Peer 1: 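Quick one: the structure is below, and I'll ask about it shortly.
For the single chain, residues carry numbers from 1 onward in sequence order. One-based numbering, in listed order, for ligands and for the atoms of each. Just so you know, these numbers come straight off a predicted model, no measurement behind them.
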Amino acid sequence: MSVTLDTIANLAKKRGFVFPSSEIYGGLRSAYDYGPLGVELLRNVKAEWWRSMVRDRDDIVGLDSAIIQDRQVWAASGHEASFTDPLVECTNCNNRFRPDKLEDAGVCPNCGERDSFTEARQFNLLLKTHLGPVEDEAALAYLRPETAQGIFINYENVRRTMRLKLPFGIAQIGKSFRNEITPGQFVFRTREFEQMEMEYFCRPEEAAEWFAYWLEQRMAWYVDLGMDKDKLRLRAHDEDELSHYSTTTSDVEYQFPWGWDELEGIANRTDFDLRAHTEQSGQDLSYYDQDQDERFFPYVIEPAAGATRTTFAFLIDAYSEEEVRGETRVVLKLDPRLAPVKVAVLPLSKKEELMPDTRAVAGALRSSWQLEVDVTQSIGRRYRRQDEIGTPFCVTVDFDTLDDKAVTVRDRDTMNQDRVAIDQLLAYLRERLP
Ligand code: ATP
């Protein structure tokens, strides 16, 4: 089903997934805060990416490099000179925009004036800071705009310590910062965000093959986690769209409420970065192939995804509304691996006599899954809340439990209810939950 951006943003706020950053001061569109459910969902997305990229493979290792790096990194990588977006200003209202993102290139989206834009100029997106007490040019530093450079500058450290042979990859998840001209569409484009990137090093003549391989792998990852495959597509970049370091790029795009837009970029970065850092640092980052007795710079295939943007897309994709007995039921049909809460334990009433069994059930499940125990409000409202946050199973302790030592387990998607003996509950859920 199609859902509006407002519906998702409202649900995210109402249920504790995402809050506007600095909300008590009016909200800052540059960044968002992930609430108790949002942090679980985001962590589950990152964990699934890490599992498929690092844990399930023997050719890729992980890294967690610093956000602050030597300024020379960004000189060598080309970001200082060319990490820019075009910017136009409306001469009527003085608002600034990215012309390539305007719906109608001739009309200001803020004041509606026609043909009021200045000529486009290039605006550098690096977010600046100063290291140490003196704010001069020598102390200038940047917050990283991508995690990738932390991988390139550690390429030799990682290769040597892990004794890696081509082809191999280095994966990293972490925060990145870009001084976006117009952040917007909720968490889709922010100035502080999180990325999941992997640099796959290979022989130059094998790069095209690995590029095709990673396109396929990455599309499969989204589909495996339940994203609607009809709302996913690959789009190859035109020549004039390519980043300064890439010869071939395809984006994984998702059909967002406002149209197709990027989820992930998969690029052939060639040997651009290793060569550039070799030149800038004087350290030889070429690769010696013992078997062939030859030295060369590996090519790099990079699948670069956004953790926060992907989490947002999973939220949108999971949202559904159903008519149940004349009422609208909102359900987040999240894959159980992503659902922030796996099981809700709900005593039918607040009465003290139900509490010992409630505590016993929660105690038995807590070490296996993220739980929520909820005792307030009517059972119907509590089911609705759990549906809205995507909890796959609700376990209800009722007055019969006192005699039959069994509970009712309700399935989020089918709403079917099974009566399950408490001593069988763990096994029952283990069959159905990751
Ligand atoms: P765009 O064209 O949307 O500005 P990009 O092509 O510059 O993005 P990449 O450099 O390819 O983006 O970054 C890889 C991924 O990082 C993107 O696909 C996206 O998921 C994520 N990303 C990039 N910029 C942002 C941002 N400002 N906010 C949230 N996620 C981002």
Peer 1: Should you measure from each heavy atom of E264, which atoms of ligand 1 turn up under 4.0 Å away?
Peer 2: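 Here the atoms of ligand 1 in question are 18 (O).
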Peer 1: Decide whether an N or O pair under 3.5 Å exists between R189 and ligand 1.
Peer 2: yes
Peer 1: Could you tell me if R309 sits above the aromatic ring of F188, with its cationic atom closer than 6.0 Å to the ring centre and no more than 45 degrees from the axis?
Peer 2: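 Geometry flag: set, cation within 6.0 Å and 45°.
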Peer 1: May I ask you to identify the nearest protein heavy atom to atom 22 (N) of ligand 1, giving residue, atom name and distance to one decimal place in Å?
Peer 2: F193 CE1, 3.5 Å
Peer 1: Polar-atom distance check: G306 versus ligand 1, any N or O pair below 3.5 Å?
Peer 2: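 Yes, since at least one N or O of G306 sits under 3.5 Å from an N or O of ligand 1.
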Peer 1: Looking only at distances, please establish whether an N/O atom of ligand 1 is found under 3.5 Å from an N/O atom of T190.
Peer 2: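 There is such a contact, yes.
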Peer 1: Numbering the atoms of ligand 1 from 1, which are under 4.0 Å from a heavy atom of R98?
Peer 2: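 Within the 4.0 Å cut-off of R98, ligand 1 contributes 4 (O).
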Peer 1: Taking the minimum heavy-atom distance to atom 23 (C) of ligand 1, which of E194, E192, R178 ranks first?
Peer 2: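 Heavy atom nearest to atom 23 (C) of ligand 1 belongs to R178.
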Peer 1: Between W258 and F312, what is the ring plane arrangement, given parallel below 30°, perpendicular above 60°, and tilted in between?
Peer 2: parallel
Peer 1: Among protein heavy atoms, which sits nearest to atom 15 (C) of ligand 1, and what does the distance come to when rounded to 0.1 Å?
Peer 2: A304 O, 3.5 Å
Peer 1: May I ask you to check whether Y32 and F186 place their ring centers less than 6.0 Å from one another?
Peer 2: yes
Peer 1: In terms of side-chain geometry, is the basic nitrogen of D387 or R410 positioned less than 4.0 Å from the acidic oxygen of its partner?
Peer 2: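 Looking at R410 together with D387, the answer is yes, because their closest N to O distance falls below 4.0 Å.
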Peer 1: Is the NZ or CZ atom of R218 positioned over W221's six-membered ring, under 6.0 angstrom from the centre and within 45° of the axis?
Peer 2: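 Cation-pi check for R218 and W221: passes.
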Peer 1: Counting only heavy atoms not in E209, do more than 12 fall under 6.0 Å of its CD?
Peer 2: no
Peer 1: Hey, is L263 touching ligand 1 through its side chain, its backbone, both or neither, going by heavy atoms under 4.0 Å?
Peer 2: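 For L263, only backbone atoms sit under 4.0 Å from ligand 1.
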Peer 1: Please tell me whether W260 and Y254 form a close aromatic pair, meaning their ring centres lie under 6.0 Å apart.
Peer 2: no
Peer 1: Of the listed options (R191, M196, E262, E146), which comes nearest to atom 17 (C) of ligand 1 when hydrogens are ignored and any heavy atom counts?
Peer 2: E262
Peer 1: Using the ring of Y383 (Phe, Tyr or Trp, six-membered ring only), decide whether R385 places NZ or CZ under 6.0 Å from its centre and within 45 degrees of its axis.
Peer 2: no
Peer 1: Taking only heavy atoms of E180, which atoms of ligand 1 are found under 4.0 Å from at least one of them?
Peer 2: 24 (N), 26 (C), 27 (N)
Peer 1: Return the residue, atom name and 0.1 Å-rounded distance of the protein heavy atom closest to atom 29 (C) of ligand 1.
Peer 2: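 Checked against all protein heavy atoms, atom 29 (C) of ligand 1 sits closest to F188 O, 3.1 Å.
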Peer 1: Would you mind checking which non-hydrogen protein atom is closest to atom 13 (O) of ligand 1, with the distance to 0.1 Å?
Peer 2: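 Of the protein heavy atoms, Q195 NE2, 3.4 Å lies nearest.
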Peer 1: Going by an N to O cut-off under 4.0 Å, is there a salt bridge joining K333 and E322?
Peer 2: yes
